[in-house]
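Worth saying up front: this structure is predicted, and the values here are computed from it rather than measured. Start at 1 and go down the list; that is how both ligands and their atoms are numbered. Positions are given from 1, in the same order as the sequence printed here.
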Amino acid sequence: MSLKGVLYIVSTPIGNLRDITLRAIDTLKEVDWIAAEDTRHSTKLLDHFSIRTPVFSLHEHNESARLNHIKSLLDEGKSIALISDAGTPLISDPGYFLVSTLRQEGYEILTVPGASALIAGLSVSGLPSNRFYFEGFLPVKSKQRRERLLQLKNVDATVICYEAPHRIMDLLQEISDLMGGDRRVCIARELTKKFETVKLSGVDDLIAMMNVDHQQQKGEFVVIIESANKDGKKGGDNEIAPETMQLLKQLADFLPPKKAAQLVSDFSGVSKKQLYDLLLKLKNQ
Ligand code: SAM
């Protein structure tokens, strides 16, 4: 039996404090230490639930420096709960370096799951939730951001991003420019808080709405972008994106139809059979 302590990865609310789980409260009270992204920020939550456990900071700038300290606490049999400012640690938040290192070294790491803005946003968006791609924060610099958006344009899944309020309008405009003004986007704003609003619409309509109502540009946002393949299902979609079609035709010029269909299927997610049938149809026309 291991005498080492356990590292718990504990989710905290993304707004409404009552979204904390009973197990999270128990864990935060019972562990020897809490490692918090921002100790001052977490004081509000900890005070609210009368949690008196000592706290130290673990943020992106000291994560690796804290590693030995955390390891020695765990080696002494002490248990630690990692929390971030909101939601689930490691999800666009610190903790990956710590967890990956400790996992490799055989330490016990347990989850105390709960809220995460991406899942909360997706679940109320009205966009396909069967397959999704979480991007997190896009690059800040315009050139890299636009390049990344171009890569995301044809992802065969609903795409979820986080965005800061001072960049939200720029992001929507870039989505319009690069993916088209009628691409449907859901803005899930201030989830679980007083001014929660969720709007789903073509991106140009969203921009117009938010330009009229400036209040809608404030707060925290999850941006959820509809897939170019609208039903979000792998295969089974009768509409094939023009880029996919073009690639298929080009490859079919110098590859056997089966091979071309296989390659394009791997790339696009459209079923191999659908692409193969299409090539045969084109050949017979
Ligand atoms: N770890 C968190 C999670 O599990 O969702 C995310 C942390 S990340 C640093 C913060 C970003 O998450 C915000 O900028 C915003 O994009 C999103 N977010 C967090 N809380 C939110 C809320 N209540 N409503 C909408 N978006 C939220």
Side-chain angles (χ1 to χ4, degrees), residues 7-21 23-24 27-28 34-42 44-46 48 57-63 81-100 109 111-127 129 132-140 145 148-149 152 158-172 174-175 185-200 203 206 209-210 213 215-225:
L7 175 69
Y8 295 91
I9 307 302
V10 180
S11 299
T12 57
I14 56 168
N16 188 325
L17 290 187
R18 294 182 63 77
D19 289 335
I20 196 161
T21 68
R23 198 165 149 246
T27 306
L28 293 172
I34 295 172
E37 182 183 5
D38 179 338
T39 53
R40 271 187 304 176
H41 178 97
S42 293
K44 190 175 158 214
L45 176 85
L46 300 177
H48 185 85
S57 71
L58 185 128
H59 46 71
E60 58 175 330
H61 304 296
N62 73 357
E63 197 175 336
L82 175 68
I83 58 173
S84 61
D85 287 352
T88 301
L90 282 84
I91 306 300
S92 297
D93 267 341
Y96 169 69
F97 172 77
L98 179 70
V99 171
S100 65
I109 306 165
T111 176
V112 182
S116 190
L118 79 108
I119 299 296
L122 176 65
S123 68
V124 292
S125 68
L127 289 174
S129 53
F132 60 88
Y133 177 89
F134 177 56
E135 171 71 5
F137 290 100
L138 285 154
V140 172
R145 231 165 121 82
R148 186 68 193 139
L149 279 170
L152 295 173
T158 300
V159 172
I160 306 175
C161 307
Y162 285 162
E163 193 49 279
H166 59 281
R167 275 192 289 268
I168 188 72
M169 296 310 286
D170 287 347
L171 172 62
L172 294 177
E174 285 161 350
I175 294 173
V185 170
C186 175
I187 295 282
R189 169 179 167 263
E190 293 286 274
L191 294 170
T192 77
K193 301 191 221 175
K194 189 171 173 195
F195 296 110
E196 171 168 343
T197 45
V198 178
K199 303 274 183 204
L200 170 64
V203 65
L206 272 183
M209 181 275 290
M210 290 167 78
D213 181 359
Q215 204 55 33
Q216 297 297 324
Q217 300 181 16
K218 294 186 180 144
E220 294 194 284
F221 296 91
V222 185
V223 178
I224 306 157
I225 308 169

Donor-acceptor contacts, no H, no angles, side chain residues 162-172, under 3.5 Å, sequence neighbours left out:
residue : atom : partner : partner atom : Å
Y162    : OH   : L118    : N            : 3.0
E163    : OE1  : R167    : NE           : 3.4
E163    : OE2  : R145    : NH1          : 3.0
E163    : OE2  : R145    : NH2          : 3.3

I34/S42 under side chain to side chain contact (heavy atoms under 4.5 Å, CB included): CA gap, chis, key distance, verdict:
CA-CA 10 Å; I34 295 172; S42 293; over 6 Å; no
Got L45 and H48 here, is their nearest side-chain heavy-atom distance under 4.5 Å?
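L45 vs H48: side chains apart.
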Taking C-beta and beyond as the side chain, do V222 and F134 meet within less than 4.5 Å on heavy atoms?
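With C-beta onward as the side chain, the pair stays apart.
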Using a cut-off of 6.0 Å, state whether more than 12 heavy atoms not belonging to F137 lie near its atom CZ.
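Check passes, neighbour count above 12.
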Can you name the one residue among Q215, Q216, K199 that meets side chain to side chain contact (heavy atoms under 4.5 Å, CB included) with M210?
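Exactly one pass, corresponding to Q216.
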Close-range residues for ligand 1, whose non-hydrogen atoms fall below the 4.0 Å threshold
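Ligand 1 pocket, heavy atoms under 4.0 Å: I14, A86, G87, T88, I91, S92, D93, S116, A117, F137, Y162, E163, A188, E190, L191, K193, E220, F221, V222.
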